[in-house]
Novice: 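Here you go, one structure.
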Amino acid sequence: MRLSRSLIPTLKENPAEAQIASHRLMLRAGLIRQQAAGIYAWLPAGQRVLRNIAQIVREEQDRAGAQEMLMPTIQSAELWRESRRYDAYGPEMLRIADRHDRELLYGPTNEEMITAIMRENVQSYRDLPQILYHIQWKFRDEMRPRFGVLRGREFLMKDGYSFDFNYEGAVTSYRRMMLAYMRTFRRLGVRAIPMRADTGPIGGDLSHEFHILASTGESAVFYDAAFEAIDLRGEQVSYDDSAELDAFFAHMTTLYAATDEKHDTEAWKAVPELRRREGRGIEVGQIFYFGSKYTKAMGFSVVGPDGARIHPEMGSYGIGVSRLAGAIIEANHDSAGIIWPAAVAPFRVAIVNLRQGDAETDALCELAYAKIGDSALYDDRHERAGMKFADADLMGHPWQLIVGPRGAARGRLELKERCSNERLELALEDALTKVMA
RNA sequence: CGGGGCGUGGCGCAGCCUGGUAGCGCGCUUGUUUUGGGUACAAGAGGCCGCCGGUUCGAGUCCGGCCGCCCCGACCA
């Protein structure tokens, strides 16, 4: 993308409404603009971030055997009466009436809808297990939206649902999703710790929240410092080997880690004192097992091998895609701006033309831009070098390809790595090799 | 929802107490200058002062109502 022709409105000053770093930086780097309390428009660069995060989430869900689908944002109140959550959910649910005065709602989550879809289309235990997910906008009418996209009212979420014939199967699905989540967060460039969590209105008795540690997090968390050292990735674990899956699950859940709702002071005392960490976390995902709560309430059953009907066992699995954009920035920034992990950066590299109009400089920039293509943001504005440097740092591209007349005359340019601030003078080909690695 | 605060060019703010033709910095446009970390000078453009009503000869300023936004708390798959 050529910056001169892009809607990436960077701000030099901090907008007054933004209190925390990620919110300030998302506004200043031109990623988002607020439209109403807790409701944001994602500008082109922001949309690219959202798309990158969603794509990684999608790939890891697919790899875990989940199937992508797409359910609507608007749901019928009838559906929610079946599970008795229409009244239970309270004012956080946005209720709408259509022109015929039929009661609708903007979905805050989709357990009812997916259960209804399964009920209509699945009759036999042989059709199980299944895990389905979608990436869709949700709306929860929060009492007090804040912190930009970290607590918005409208937000993009990956929500998935597993259906198993029995408890053992459901536990396996739960463990598969935990593995998928750890891999997802790893690829997104953040360390998220699974913590025992409260199940809340979704109900059920087994749940973990995934928290990125950050002083600005909304949740108080307690965890064993050993988490800071262990391998959270699970790269080598096979989804199809139940022994490996169980071992990974044990590895993730044996050490103490809990949110304040589930904090157990007795168990806490068993953690060596020097390893007790109390901090704050940003919840970026949560997984639940809740058995047949919804399949029973909504009358979804399948015929088993013995001819008897059983209510499938469910789990649900959420990742806050739009919240992650903010959380990743919260965990990766400095005083100059964002420091994007390469996997989610809107642009892998900025081409900084220090002397727009200088023939050799322009030519070298154009060549670099042609070779890199869409993952480059070419700063071809007629602006001073200082402003371009400041904007590139603010936007947080992992790499900056700095091209000025001094080097261009000799066919050289400078490559700056945002996270280390390291600069190298190189020929274009060598720089591209490093950038594309 | 309880408490607190704020709405004035795109952004950040002053002006309001004590009513009298709307200001500053940044940004934007044009020109000159400068050119490897937000250059300097000059000339410009841009404002239902959140909305409605009231008081007054006159309201950004005073009074009432409403709306929006932010912060603390409670709440929060």
Side-chain angles (χ1 to χ4, degrees), chain A residues 7 9-20 23-24 27-28 30 33-39 83 85 88-93 107-112 138-148 150-153 155 157-161 197-204 207-210 217-219 259-261 282-290 293-294 314-320 323 335-337 352-358 361 379 381-394 400-409 412-414 416 421 423 425:
Chain A
L7 182 66
T10 56
L11 302 173
K12 193 168 170 179
E13 289 176 272
N14 285 322
E17 75 266 22
Q19 301 298 311
I20 66 167
H23 190 195
R24 278 201 307 269
L27 291 165
R28 285 191 55 208
R33 286 295 181 266
Q34 183 172 325
Q35 302 307 309
I39 298 177
S83 68
R85 277 210 293 182
Y89 218 93
E92 207 177 293
M93 184 151 74
T109 177
N110 285 61
E111 282 83 6
E112 282 80 358
K138 303 289 184 294
F139 194 93
R140 291 183 194 169
D141 199 357
E142 297 279 351
M143 197 83 85
R144 186 179 158 218
R146 62 185 119 172
F147 305 143
L150 291 182
R151 180 168 289 284
R153 291 194 293 172
F155 55 97
M157 178 166 98
K158 186 286 294 183
D159 45 322
Y161 306 91
D198 207 18
T199 51
I202 279 196
S207 179
H208 286 86
E209 286 180 6
F210 298 80
E218 283 197 88
S219 318
T259 61
D260 55 352
E261 296 91 355
I282 302 171
E283 182 197 338
V284 291
Q286 185 166 14
I287 58 180
F288 300 85
Y289 159 73
F290 43 74
K293 175 177 162 144
Y294 294 95
M314 283 179 72
S316 82
Y317 313 93
I319 292 181
R323 176 181 283 182
S335 57
V352 183
N353 186 328
L354 294 180
R355 187 80 61 85
Q356 196 71 32
D358 176 79
T361 308
D379 191 345
R381 298 174 298 176
H382 288 272
E383 292 293 347
R384 295 179 54 78
M387 182 193 188
K388 293 189 175 189
F389 285 133
D391 270 353
D393 286 347
L394 174 62
Q400 294 173 21
L401 217 46
I402 300 164
V403 185
R406 231 157 54 192
R412 312 275 290 178
L413 41 73
E414 194 174 291
K416 172 178 157 179
N421 245 337
R423 297 147 174 272
E425 198 189 271

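Each chain gets a letter, A, B and so on, in the order the sequences are listed, and its residues count up from 1.
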Novice: Which is true for Glu92(A) with a 4.0 Å heavy-atom rule: it touches a base, it touches only sugar-phosphate, or it touches nothing?
Specialist: sugar-phosphate
Novice: What interatomic distance, in whole Å, is found between P of G47(B) and the corresponding atom of U39(B)?
Specialist: 27 Å
Novice: For Arg146(A) and Gln19(A), what are the C-alpha separation, side-chain angles and deciding distance, and is it a side-chain contact (heavy atoms from CB on, under 4.5 Å)?
Specialist: CA-CA 9 Å; Arg146(A) 62 185 119 172; Gln19(A) 301 298 311; over 6 Å; no
Novice: Paired with G2(B): which nucleotide, if any, by Watson-Crick or G-U wobble criteria at under 3.5 Å for both distances?
Specialist: C72(B)
Novice: Tell me which nucleotide, if any, is Watson-Crick or G-U wobble paired with G19(B) when both distances must be under 3.5 Å.
Specialist: none
Novice: Using the P atom as the reference point in each nucleotide, state the distance between C71(B) and G12(B) in Å, no decimals.
Specialist: 14 Å
Novice: Go through it in stages, so that I can follow the logic: the residues are Asp393(A) and Gln400(A), the test is side-chain hydrogen bond (donor to acceptor under 3.5 Å, both in side chains), and I'd like the CA-CA distance, side-chain angles, deciding distance and then a yes or no.
Specialist: CA-CA 9 Å; Asp393(A) 286 347; Gln400(A) 294 173 21; 2.7 Å; yes
Novice: Examine the base of G37(B) for any acceptor or donor lying under 3.5 Å from a partner atom in the side chain of Lys416(A), and report the outcome as yes or no.
Specialist: yes
Novice: Start at the 5' end of RNA chain B and walk down; is the nucleotide closest to Glu17(A) or to Gln400(A) reached first?
Specialist: Gln400(A)
Novice: Considering only the C1' atoms, how many Å lie between U55(B) and C11(B), rounded to the nearest integer?
Specialist: 36 Å
Novice: Of all the nucleotides listed (G37(B), C69(B), C76(B)), which has the minimum atom distance to the side chain of Phe389(A)?
Specialist: G37(B)
Novice: Side chain of Lys12(A) only, heavy atoms from C-beta on: which candidate in G38(B), G12(B), C72(B) is closest?
Specialist: G38(B)
Novice: Minimum heavy-atom separation for Leu394(A) to Thr10(A), with atom names?
Specialist: CD2-CB, 4.0 Å
Novice: When you compare U34(B) with A40(B), how far apart are their C1' atoms, in angstrom units rounded to a whole number?
Specialist: 7 Å
Novice: Does Gln34(A) put a side-chain nitrogen or oxygen below 4.0 Å from OP1 or OP2 of C70(B)?
Specialist: yes
Novice: Using atom CG of Leu354(A) as one end and atom P of G37(B) as the other, report the distance to the nearest whole Å.
Specialist: 9 Å
Novice: Any ion pair linking Glu111(A) and Lys293(A) (charged N to carboxylate O, less than 4.0 Å)?
Specialist: no
Novice: Please give, in whole Å, the distance from C71(B) P to Gln19(A) CD?
Specialist: 5 Å
Novice: Base, sugar-phosphate alone, or nothing: which one does Ala390(A) contact when heavy atoms must sit under 4.0 Å apart?
Specialist: base
Novice: How many Å lie between CG on Asp141(A) and P on C1(B), as a whole number?
Specialist: 10 Å
Novice: Any non-hydrogen side-chain atom of Phe147(A) less than 4.5 Å from a side-chain atom of Glu218(A)?
Specialist: yes
Novice: For a quick check, tell me whether the side chain of Glu13(A) and the base of G25(B) share a donor-acceptor pair closer than 3.5 Å.
Specialist: yes
Novice: Would you indicate whether the side-chain heavy atoms of Asn421(A) and Lys416(A) approach each other to under 4.5 Å?
Specialist: yes
Novice: Using atom CZ of Phe147(A) as one end and atom P of C76(B) as the other, report the distance to the nearest whole Å.
Specialist: 16 Å
Novice: U8(B) and C49(B): how far apart are their P atoms, nearest whole angstrom?
Specialist: 11 Å
Novice: Looking at G12(B), does its base get a donor-acceptor pair with the side chain of Arg28(A) below 3.5 Å?
Specialist: no
Novice: At under 4.0 Å between heavy atoms, what does Ala36(A) touch on the DNA or RNA strands: base, sugar-phosphate, or nothing?
Specialist: sugar-phosphate
Novice: Under 3.5 Å, is there any donor-acceptor pair linking the side chain of Glu414(A) to the base of G36(B)?
Specialist: yes
Novice: Please report the distance separating the P of C70(B) from the corresponding atom of G25(B), rounded so that it comes out in whole Å.
Specialist: 30 Å
Novice: Distance check needed: C76(B) P versus Ile282(A) CD1, whole Å only.
Specialist: 20 Å
Novice: In terms of the angle between their ring planes, are Phe290(A) and Tyr294(A) parallel, tilted or perpendicular, with boundaries placed at 30° and 60°?
Specialist: perpendicular
Novice: Rounding to an integer number of angstrom, what distance separates G7(B) and G60(B) when you compare their P atoms?
Specialist: 16 Å
Novice: Looking across every strand, which nucleic acid part, if any, lies under 4.0 Å from Phe155(A) by heavy atom: base, sugar-phosphate, or nothing?
Specialist: base
Novice: Rounded to whole Å, please give me the gap between CZ in Arg33(A) and C1' in C11(B).
Specialist: 9 Å
Novice: Taking the side chain as C-beta and beyond, is there a heavy-atom pair between Met93(A) and Asp141(A) under 4.5 Å?
Specialist: no
Novice: Atom CZ of Arg24(A) and atom C1' of G12(B): how far apart are they, to the nearest Å?
Specialist: 14 Å
Novice: Looking only at N and O atoms, is any donor in the side chain of Asn14(A) or the base of G12(B) less than 3.5 Å from an acceptor on the other one?
Specialist: no
Novice: Quantified in whole Å, what is the C1' atom distance between nucleotide C52(B) and nucleotide C26(B)?
Specialist: 34 Å
Novice: Judged by each residue's nearest nucleotide on RNA chain B, which is more toward the 5′ side, Asp393(A) or Pro145(A)?
Specialist: Asp393(A)
Novice: Assign Arg153(A) to base, sugar-phosphate, or nothing according to its heavy-atom contacts below 4.0 angstrom with the strands shown.
Specialist: nothing
Novice: Grab the NZ-P distance between Lys388(A) and G38(B) for me, whole Å please.
Specialist: 14 Å
Novice: OP1 or OP2 of U39(B) versus the side-chain N and O atoms of Arg384(A): is any pair under 4.0 Å?
Specialist: yes
Novice: Please determine whether a side-chain nitrogen or oxygen atom of Arg146(A) lies at a distance below 4.0 Å from atom OP1 or OP2 of C76(B).
Specialist: no
Novice: Considering Watson-Crick and G-U wobble pairs with both distances under 3.5 Å, what does G10(B) pair with?
Specialist: C26(B)
